[in-house]
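Worksheet: the structure to be examined is printed underneath.
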Amino acid sequence: LSSITNFDLHQSNFSLNEISNIIHSLYNSDLIYDVSYKENEDRYIIEIKENKFINKVFFNNNNWIQDKLLFEIINSQNNQLISKNKISNDIRLIKSIYKSKGFNFISVTAKTEYFSKDKVNLIYDIYEGQQSKINLIKFYGNQSFSDRYLSSKITSRQLNFYNFFKSGSNINAEVFEFDANKIKKFYRDLGYFDVDVSYVLESNNLNLFSLNFYINEGKQYKINNINYDINIQNLGFFEDLEKDFYQRLKKNDFKYDSETLKIYLETINQSLLDNNIFTYYVDLKTSINDSFVDLVFIETPQEPLILNKIDIYGNSITKDKTIRSKILLE
């Protein structure tokens with residue numbers, strides 16, 4: 001006990017602060033399960049309950065999630081010292097995995113039963129409750145895209161009337177937040193930089209909920225100026241790429257579209273590689289002014305990697321020369 005507390009427990013007098021630190025040290029030790037304290041006229045009395053080893057861990061009333069999966073996530077294991085902190089964390093983890101499956105009224109308690117003098121069985125009693133599901137997904141404020149199209153962009157799914165018992169998303173706030181961010185990213189990639197997305201769950205019936213997304217689209221920004229701070233305008237391939245890019249923008253009424261910009265950049269940089277230009281690549285800077293986007297294509301220097309040699313192993317039938325003739329790198 002002295003080694004656990006870092007105090008000389010044989011000294012004659014203790015301050016209240018020292019007593020408090022002793023109790024704190026004992027309570028945080030894996031060897032001690034519980035600590036109680038009382039005092040009389042001339043003594044401080046600390047009673048300790050030593051930890052015991054876990055003989056086995058049991059789960060009761062878990063119908064939806066098998067023991068094997070629960071054993072994989074908990075920290076308390078057979079033949080380990082029992083720990084209050086681990087048990088508290090185990091309860092949190094068990095609740096978390098149930099909530100990810102839509103069991104929002106999950107209740108978990110832990111108890112022990114004596115197995116021998118120094119061992120106990122650790123038992124987690126689980127009350128699963130009813131599984132909650134999404135039976136309807138609605139979108140409000142989406143003027144530019146249909147509900148069906150936005151539904152294809154999210155992870156959550158509503159129950160189908162023809163497959164009522166198998167389909168439909170569980171109630172999981174993390175998934176709904178993820179979906180809201182996916183919708184927001186989808187809009188921003190198309191130039192709706194001021195978009196705002198939120199969601200609300202509404203109870204329709206017992207354990208059935210409606211997931212409502214509220215969207216404030218804002219304006220769709222257009223591309224105003226295109227500038228090139230690069231030295232490839234004189235290269236033969238660039239003029240055709242630039243004309244094709246401009247025609248794509250014009251066809252889309254110069255509305256911002258991140259996918260179009262991404263393809264254009266990839267095409268330019270692949271063309272540089274195809275023309276043995278490795279010392280730089282083309283990147284894009286954007287700036288927003290009064291609902292318009294300005295584009296600036298810039299050169300970013302890079303250190304080329306030189307291939308020293310190519311080794312080929314395992315070709316017992318095909319000759320090196322034949323394989324090397326099929327490899328683009330030299």
Side-chain angles (χ1 to χ4, degrees), residues 137-156 176-199 212-305 328-329:
I137 298 177
K138 297 180 180 179
F139 299 89
Y140 297 93
N142 49 312
Q143 303 296 322
S144 304
F145 305 97
S146 68
D147 290 10
R148 184 174 182 179
Y149 189 70
L150 292 178
S151 292
S152 69
K153 300 295 181 181
I154 63 176
T155 305
S156 300
F176 304 152
E177 189 66 34
F178 178 70
D179 283 341
N181 287 328
K182 285 185 73 174
I183 296 171
K184 192 179 295 185
K185 182 181 184 303
F186 166 72
Y187 270 93
R188 286 179 174 172
D189 284 346
L190 293 175
Y192 295 86
F193 296 113
D194 302 321
V195 66
D196 185 54
V197 181
S198 60
Y199 75 90
N212 302 328
F213 288 100
Y214 294 91
I215 303 170
N216 183 1
E217 293 182 338
K219 289 183 178 180
Q220 185 177 22
Y221 286 56
K222 291 188 176 184
I223 295 172
N224 187 31
N225 295 312
I226 305 173
N227 296 305
Y228 293 89
D229 189 11
I230 53 180
N231 296 316
I232 64 173
Q233 287 96 327
N234 295 326
L235 298 177
F237 66 83
F238 177 74
E239 185 177 352
D240 290 337
L241 294 180
E242 184 183 16
K243 286 181 179 179
D244 181 66
F245 174 61
Y246 185 84
Q247 290 301 320
R248 286 175 178 268
L249 294 179
K250 185 177 180 180
K251 186 176 180 180
N252 195 36
D253 196 26
F254 292 95
K255 295 174 182 176
Y256 181 91
D257 183 351
S258 64
E259 186 64 21
T260 300
L261 299 178
K262 177 184 175 183
I263 293 173
Y264 184 46
L265 276 176
E266 289 176 349
T267 304
I268 291 177
N269 287 313
Q270 185 59 51
S271 298
L272 290 174
L273 295 176
D274 293 342
N275 286 271
N276 292 319
I277 300 173
F278 305 99
T279 55
Y280 64 87
Y281 65 94
V282 176
D283 206 350
L284 173 65
K285 286 186 176 181
T286 61
S287 58
I288 298 175
N289 298 297
D290 298 327
S291 299
F292 288 98
V293 183
D294 293 335
L295 307 179
V296 180
F297 292 92
I298 60 172
E299 287 182 8
T300 301
Q302 64 179 357
E303 191 71 28
L305 295 175
L328 296 179
L329 297 171

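Treat the numbers as computed from the prediction; the structure is a model and nothing was measured. We number each residue from 1, following the sequence as shown.
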Inset, instruction - Would you please test Ile154 and Phe213 for side chain to side chain contact (heavy atoms under 4.5 Å, CB included) and show each step? - result: CA-CA 11 Å; Ile154 63 176; Phe213 288 100; 4.0 Å; yes

Legend entry - Stepwise side chain to side chain contact (heavy atoms under 4.5 Å, CB included) check, Lys138 with Asp147: CA-CA 7 Å; Lys138 297 180 180 179; Asp147 290 10; 5.5 Å; no

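- Every side chain to side chain donor-acceptor pair (under 3.5 Å) that Gln220 has, sequence neighbours left out, goes to Tyr192.
- The OH atom of Tyr246 sits 7.5 Å away from atom CD1 of Ile226, with the distance rounded to the nearest 0.5 Å.
- Heavy-atom contacts from other residues, nucleotides or ligands closer than 6.0 Å to CZ of Phe178 number 12 or fewer.
- One distance of note links CD1 of Ile183 with CD1 of Ile215; it measures 5.0 Å at 0.5 Å rounding.
- Considering CG of Leu150 and NZ of Lys153, their distance stands at 9.0 Å, rounded to 0.5 Å.
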Inset, instruction - Report the C-alpha separation of Phe254 and Asn224 in whole Å, then their side-chain angles, then the decisive distance to 0.1 Å, and conclude whether the side chain to side chain contact (heavy atoms under 4.5 Å, CB included) test is met. - result: CA-CA 8 Å; Phe254 292 95; Asn224 187 31; over 6 Å; no

Donor-acceptor pairs are to be reported for all side-chain atoms of residues 265-273 against protein atoms at under 3.5 Å, with residues two or more places apart or in another chain.
{"residue": "Thr267", "atom": "OG1", "partner": "Ile263", "partner atom": "O", "Å": "2.7"}
{"residue": "Asn269", "atom": "OD1", "partner": "Val282", "partner atom": "N", "Å": "2.7"}
{"residue": "Asn269", "atom": "ND2", "partner": "Leu265", "partner atom": "O", "Å": "3.1"}
{"residue": "Asn269", "atom": "ND2", "partner": "Val282", "partner atom": "O", "Å": "3.1"}
{"residue": "Gln270", "atom": "NE2", "partner": "Asp274", "partner atom": "OD1", "Å": "3.0"}
{"residue": "Ser271", "atom": "OG", "partner": "Thr267", "partner atom": "O", "Å": "2.8"}

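- Remark: Ser151 engages Phe139 in a side-chain contact (heavy atoms from CB on, under 4.5 Å) (not counting sequence neighbours).
- Partners of Phe292 by ring pair (Phe, Tyr, Trp, His ring centres under 6.0 Å), not counting sequence neighbours: none found.
- Pairing each heavy atom of Glu242 with each of Tyr264, the nearest pair is CA-OH, 3.6 Å.
- The list of salt bridge (charged side-chain N to carboxylate O under 4.0 Å, His left out) pairs with a residue in residues 280-304, not counting sequence neighbours, is empty.
- Side-chain atoms of Val296 and Leu284, non-hydrogen and from C-beta on, never get closer than 4.5 Å to each other.
- The side-chain heavy atoms of Tyr149 and Asn142, taken from C-beta on, include no pair separated by under 4.5 Å.
- Pairs of residues two or more places apart, or lying in two chains, that qualify as salt bridge (charged side-chain N to carboxylate O under 4.0 Å, His left out) and include a residue from residues 177-198 are Lys185-Asp189.
- To the nearest 0.5 angstrom, Tyr221 atom OH is 5.5 Å from Ile288 atom CD1.
- The closest side-chain heavy-atom distance from Leu261 to Leu295 is below 4.5 Å.
- Rounded to the nearest 0.5 Å, atoms OG1 (Thr286) and CZ (Phe297) are 10.0 Å apart.
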Legend entry - Full working for side chain to side chain contact (heavy atoms under 4.5 Å, CB included) between Ile137 and Tyr199: CA-CA 10 Å; Ile137 298 177; Tyr199 75 90; over 6 Å; no

